Amino acid sequence: MEKEIRTTSGIEIREVYTSCRPMEELPGVFPFTRGIRSNMYRGKHWTMRQYAGFSTAEQSNARYHYLLRQGITGLSVAFDLPTQIGYDSDSPLAEGEVGKVGVAIDSLDDMEALFRGIELQKISTSMTINATASVLLAMYIALARKQGADLSRLSGTIQNDILKEYAARGTYIYPPKPSMRVITDIFAYCSKELPRWNTISISGYHIREAGSTAAQELAFTLANGKAYLQAAIEKGLDMNVFARQLSFFFNCHNYFFEEIAKFRAARRMWAQITREMGASDPKAQQLRFHAQTAGSALTAQQPHNNITRVTLQALAAVLGGTQSLHTNGYDEALSLPTEEAARIALRTQQIIAYESGVADTVDPLAGSYFVETLTDELEQAAWEYIRKIDDLGGAVHAIESGYIQQQIGEAAYRYQKRLETGEQTIVGLNRFVTDTAGEAPRDTFRVDDGIRRIQIEKLGRLKSERNAEAVGATLARLEETAVGTGNLMPPILDCVEARCTLGEIADRLRKVFGEYGN
């Protein structure tokens, strides 16, 4: 009996494909299956980013300058866990975590050190931050003002996607309703003040890292997107304005053709969703996305194999039409990436862009019987999930009921069983295994445990130098606004410029909104 082969989403792969739905769509035209620009990479390559941030702002700044010298075309900032959940480095709850999985940012002073020597008006910056996105964005704006930048020309992205935190990741602070208020306040503020800024990066990446299938990543991400659209509409915002500033963040995993089909299906589905919800401007119907190669696909065993995995994943992202890309370092299953690993990861993108020829024409796999059929079948599978979520009352209710978390958990369990039985092969992990002695890279990157002490000293100096009266007044205005219905961004910006700390701002909002789960 012939072996049955299925994708991660359970879609059966036939031995040969002899036909597909007639393909008459053009790139740059609704529903954008073939890409959002008519000339795609012939006009401009995707933004080449390397996700970086660790230890102090000063050390991360040195890595950014190194990466800029190597040819990155956009910055991507990783923040440490205390920064992500609204604690200053001197908080007892920050002990053991300061500077470990990202850079520690406690104040505008840290933000200034993080970007020292970098003109914000001339670089696109992506900041992977969610619960405290409003505060980090305010710090970025305040720094841009100090640099004399034209805010209307600032470009970049804040992740700002709290729904996937409840479903798959966990760095939330406030309950869903006030969290959605903070997000829509950012939409409203940026639509007027920062027209080129992406106000949210709706993330499927972490959903996939938590164990979902490709179809689930697609469906749950777009369902969250629908929830953000609806929240903004209910706030009275214009779809044709704020929807132009939304972006997405997808995982690019190992199953090469399924990933390409996923990106193509995502554009088509989002175009339909936005049109049905009232967007008439093509720019508001376009799904623009950043991709990152799969962290969960990296192995600590035979880590140099990860270079090949990352290359295939990056190639799939490019063939799928990404606007921005981060490639993982081969050593990231063991530590934060070394400079060598980060350089190889960036060179991987550059070789794809300048040597492979895949960027020379738009959507080169269009018309492939296999790719077109798989795109349709993935779309159909994703719509089935979205219909179920709609029946439950939308993404927020589906998360509160546990439906999305349950689906991800079950998919992760099925995958783990396939690994353990050998049905799913991971080279070097459960097949083609060698003696592990000598496999690990010679050098791995470690963050000094003394970083917290350095940050505490910096906070002490800050608090002794700043105007305590201004700090108290701005925090009081923030609390008053949070109790009312005004936009939170202006008072948060005032707090930042008065040199309030991130933890002080988050605590004042905790006082009004409470914490999720408490």
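Bear in mind that the values here come from a model prediction, so they are computed numbers and not experimental data.
Judged purely by atom type and a 3.5 angstrom limit, T327 uses its side chain to pair as donor or acceptor with the backbone of A345. Side-chain atoms of H65 come within 3.5 Å of backbone N or O of R116 as a donor-acceptor pair. Looking only at distances, a side-chain donor or acceptor of S401 sits under 3.5 Å from a matching main-chain atom of H397. With hydrogens and angles ignored, the 3.5 Å screen pairs no side-chain donor or acceptor of Q84 with any backbone N or O of T132. Using a distance-only test at 3.5 Å, with no hydrogens or angles considered, a donor-acceptor pair links the side chain of Q216 to the main chain of T213. The main-chain N or O of L114 is found under 3.5 Å from a side-chain atom of N61 such that the two form a donor-acceptor pair. For T322 (side chain) and A317 (main-chain N/O), no donor-acceptor pair under 3.5 Å exists by modelled atom type. With hydrogens and angles ignored, the 3.5 Å screen pairs no side-chain donor or acceptor of T184 with any backbone N or O of F187.
Side-chain contact annotation: T47 with R49, donor-acceptor N/O pair under 3.5 Å absent. Between the side chains of T8 and E258, at least one donor N or O lies within less than 3.5 Å of an accepting N or O. T361 and Y41 share no donor-acceptor pair across their side chains, judged by distance under 3.5 Å alone. With no hydrogens or angles considered, a side-chain donor-acceptor pair links T83 and D80 at under 3.5 Å. Looking only at atom types and distance, the side chain of N130 has a donor-acceptor partner in the side chain of K164 under 3.5 Å away. Side chain to side chain, T293 and N328 meet the donor-acceptor criterion of an N or O pair below 3.5 Å. With no hydrogens or angles considered, a side-chain donor-acceptor pair links S280 and N240 at under 3.5 Å. No donor-acceptor contact under 3.5 angstrom links the side chains of S212 and Q407, judged on distance only. Defined by atom type and a distance below 3.5 Å, a donor-acceptor pair is missing between the side-chain atoms of N198 and Q245. For the residue pair Q455/D110, the side-chain donor-acceptor check at 3.5 Å is satisfied. Using a 3.5 Å distance cut-off with no hydrogens or angles, the side chains of S179 and Y172 do not pair a donor with an acceptor. A side-chain N or O of H253 and one of S296 form a donor-acceptor pair less than 3.5 Å apart. Between the side chains of Q292 and N251, not a single donor N or O lies within less than 3.5 Å of an accepting N or O. Q285 and T274 share no donor-acceptor pair across their side chains, judged by distance under 3.5 Å alone. A donor and an acceptor atom, one from each side chain of D106 and T501, are nowhere located under 3.5 Å apart.
Outside the 6.0 Å centre-distance limit, the rings of Y516 and Y174 are not counted as a close aromatic pair. Residues F289 and W46 place their aromatic rings such that the two centres sit no closer than 6.0 Å. Remark: aromatic rings of F32 and W270 are distant, center separation not under 6.0 Å.
Ring geometry for F249 versus H290: interplanar angle of 30 to 60°, hence tilted.
The pair E497-R145 meets the salt-bridge criterion, since a charged nitrogen lies less than 4.0 angstrom from a carboxylate oxygen. Under the 4.0 Å criterion applied to side-chain N and carboxylate O atoms, R264 and E379 are not assigned as salt-bridge partners. Look at R508 and E479 and you find a salt bridge, because one of the NZ, NE, NH1 or NH2 atoms lies within 4.0 Å of a carboxylate O, short of that distance. With respect to the salt-bridge test (charged N to carboxylate O, under 4.0 angstrom), the residues D109 and R499 qualify. In this structure, E259 pairs ionically with K262, as a charged nitrogen and a carboxylate oxygen lie closer than 4.0 Å. One finds a salt bridge joining D90 and K463 here, because a Lys/Arg side-chain nitrogen approaches an Asp/Glu carboxylate oxygen to under 4.0 Å. A salt bridge is absent between D391 and K388; no separation between the charged side-chain nitrogens and carboxylate oxygens falls under 4.0 Å. Taking a cutoff of 4.0 Å between a charged side-chain nitrogen and a carboxylate oxygen, E119 and R153 do not qualify as a salt bridge.
Between C500 and T474, the closest side-chain pair of non-hydrogen atoms falls below 4.5 Å. Side-chain contact between I352 and V358 is present, with heavy atoms from C-beta onward closer than 4.5 Å. Considering only heavy atoms from C-beta on, Q50 stays 4.5 Å or farther from S76 through its side chain.
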For this session: Evaluate the criterion salt bridge (charged side-chain N to carboxylate O under 4.0 Å, His left out) for residue pair D507 and R510; output intermediate values, then yes/no.
Result: CA-CA 5 Å; D507 282 346; R510 281 187 180 94; 2.8 Å; yes

Problem set entry | Worked verdict on K458 versus D88 for salt bridge (charged side-chain N to carboxylate O under 4.0 Å, His left out) | CA-CA 11 Å; K458 289 164 69 175; D88 290 333; over 6 Å; no

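In terms of the ring-ring contact (aromatic ring centres under 6.0 Å, His included) criterion, Y189 has no residue partners (sequence neighbours excluded). With sequence neighbours left out, the ring-ring contact (aromatic ring centres under 6.0 Å, His included) criterion links Y403 to no other residue.
Residues P175 and G514 approach most closely at CD-O, 3.5 Å, considering heavy atoms.
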